[in-house]
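The structure under discussion appears below in the form of structure tokens.
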Amino acid sequence: MTRKSLFKHLPTTLFVASTSLAAVVHAAAPTELLAGYSGQAQAPSSATRGQQFFTGTHGGDWSCSSCHGAVPTGGGKHASTGKPITALAPAVNPERFTDPAKVEKWFRRNCKDVLTRECTAAEKADVLAWLLSLKP
Amino acid sequence: MPNISHPSSRPVVALLHLLGLLAGLGMGIAAWADGEQQTRQVPLLPAYQQECAACHMAYPPAYLPAESWRRLMHTLPTHFGSDASLDTATAAAVSDWLGSHAGTYKRVREAPPENRITRTRWFIKKHDEVPAATWARPAIKSAANCSACHPQAEKGDFNEHRIRIPR
């Protein structure tokens with residue numbers, strides 16, 4: 001690459017380099033996240049408990065299924081606005097559960113909507129174990 | 001009083017006047033188009049799109065005054081029955097962006113009740129011919145669901161000629 005072409009391509013090169021770096025910093029496999037939550041919970045996860053937790057209303061109006069569907073291999077719909085929500089199961093939607101910050105944000109928000117409290121690490125592990133068990 | 005304008009300059013003056021008139025008319029049409037059809041002239045802030053439009057349409061910041069957006073951004077953990085809380089940095093960026101584009105729709109006046117676009121006077125007036133039964137249709141569900149009847153709403157296009165009310 002000549003000096004001229006280096007300068008010409010520098011913005012693109014830097015952009016590609018920075019996004020690759022960001023991917024290295026933030027990306028995680030859903031199985032790693034599950035291991036992390038199970039580790040925090042200091043107990044093995046249960047897909048069966050996860051399904052019950054996901055579909056239960058916990059004394060309120062909504063369950064996780066209200067927006068994500070009873071079996072989240074398909075798309076869901078926001079319970080109050082009707083906005084479409086893409087599938088949660090990683091086997092169907094590989095982008096799901098790959099960004100730990102995003103996962104934490106949505107657990108925080110949505111658990112408060114369904115349970116009026118945040119979810120425990122054990123509950124998150126159970127739900128993720130169930131979602132990972134779902135096949136297309 | 002002597003006529004001071006040179007006869008040969010008259011057509012030029014007339015042409016200038018005509019151009020001025022056309023320019024004025026052009027600006028008038030542009031302002032009308034801005035007000036009625038293209039309320040969203042600014043590209044959406046990616047954080048606004050990502051955080052707010054995950055659950056609902058990306059409502060144009062132009063449709064609420066700054067005061068309403070400020071109140072909404074200060075009550076995100078109890079956002080119309082949902083926790084929409086954000087981290088401090090993202091909330092600050094979204095607030096700044098909303099603040100700088102707030103209330104630019106020409107009909108925006110006072111802050112509406114509950115900070116709802118659907119409770120503004122102009123919204124109610126513009127939708128006063130829509131019966132309650134129409135709002136309740138499963139494909140519409142709520143007045144907040146702009147895209148149900150305004151297919152181009154996500155692009156900021158609310159032109160009434162493109163309204164399609166689902167059955």
Side-chain angles (χ1 to χ4, degrees), chain A residues 15 18-19 22-23 25-27 53-54 57-69 72 74-89 93 95-120 123-124 127, chain B residues 44 46-60 63 72-73 75-94 114-119 134-151 153-155 164-167:
Chain A
F15 176 74
S18 64
T19 46
V25 173
H26 296 296
F53 183 87
F54 194 90
T57 53
H58 308 273
D61 294 333
W62 285 354
S63 66
C64 307
S65 298
S66 302
C67 294
H68 292 291
K77 225 176 174 186
H78 194 285
S80 56
T81 67
K83 179 115 182 171
I85 299 172
T86 55
L88 260 190
N93 188 355
E95 274 180 33
R96 290 295 193 179
F97 299 95
T98 56
D99 177 347
K102 192 174 174 184
V103 172
E104 275 297 282
K105 180 184 75 184
W106 284 107
F107 265 132
R108 188 189 71 236
R109 287 178 174 180
N110 296 351
C111 289
K112 282 192 183 164
D113 285 348
V114 173
L115 302 125
T116 61
R117 63 164 173 83
E118 293 200 29
C119 289
T120 64
E123 289 163 342
K124 294 175 193 172
V127 166
Chain B
L44 292 179
Y48 182 70
Q49 180 80 51
Q50 186 182 312
E51 304 296 341
C52 309
C55 294
H56 55 68
M57 204 198 91
Y59 300 114
Y63 282 174
L72 285 168
M73 291 304 292
T75 52
L76 285 181
T78 53
H79 188 72
F80 302 108
S82 275
D83 182 333
S85 55
L86 291 173
D87 65 85
T88 318
T90 309
V94 172
E114 297 177 1
N115 309 308
R116 289 179 189 269
I117 293 170
T118 52
R119 299 282 304 270
T134 305
W135 289 121
R137 285 177 190 164
I140 302 176
K141 270 184 81 175
S142 141
N145 188 9
C146 310
S147 315
C149 308
H150 300 271
E154 290 279 3
K155 293 177 188 151
R164 293 286 176 273
I165 299 176
R167 293 277 146 209

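Reckoned from all heavy atoms, side chains included, excluding hydrogens, waters and symmetry mates. Chain letters run A, B, ... following the sequence lines, proteins first, then strands; residues in each count from 1.
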(request) Please flag which part of A139(B) lies under 4.5 Å from any non-hydrogen atom of chain A: side chain, backbone, both or neither. (result) neither
(request) Using non-hydrogen atoms and a 4.5 Å limit, figure out which bit of L86(B) sits close to chain A: side chain, backbone, both or neither. (result) both
(message) Between S82(B) (side chain only) and H79(B) (backbone N and O only), is there a donor and an acceptor less than 3.5 Å apart?
(response) no
(message) Check whether K83(A) reaches the backbone of A53(B) with its side chain - one donor and one acceptor, N or O, closer than 3.5 Å.
(response) yes
(request) Measure up the H78(A) and W62(A) rings against each other and bin them: parallel (under 30°), tilted (30 to 60°), perpendicular (over 60°). (result) perpendicular
(message) Assess whether a salt bridge exists between R117(A) and E123(A), defined as any Lys/Arg side-chain N lying under 4.0 Å from an Asp/Glu carboxylate O.
(response) yes
(message) Shorter than 4.5 Å, heavy atoms on both sides: which option in D61(A), D113(A), I85(A), N110(A) has the most such pairs with chain B?
(response) D113(A)
(message) Looking at chain A, which one of G81(B), S85(B), S147(B) has the largest number of heavy-atom pairs inside 4.5 Å, strictly under?
(response) S85(B)
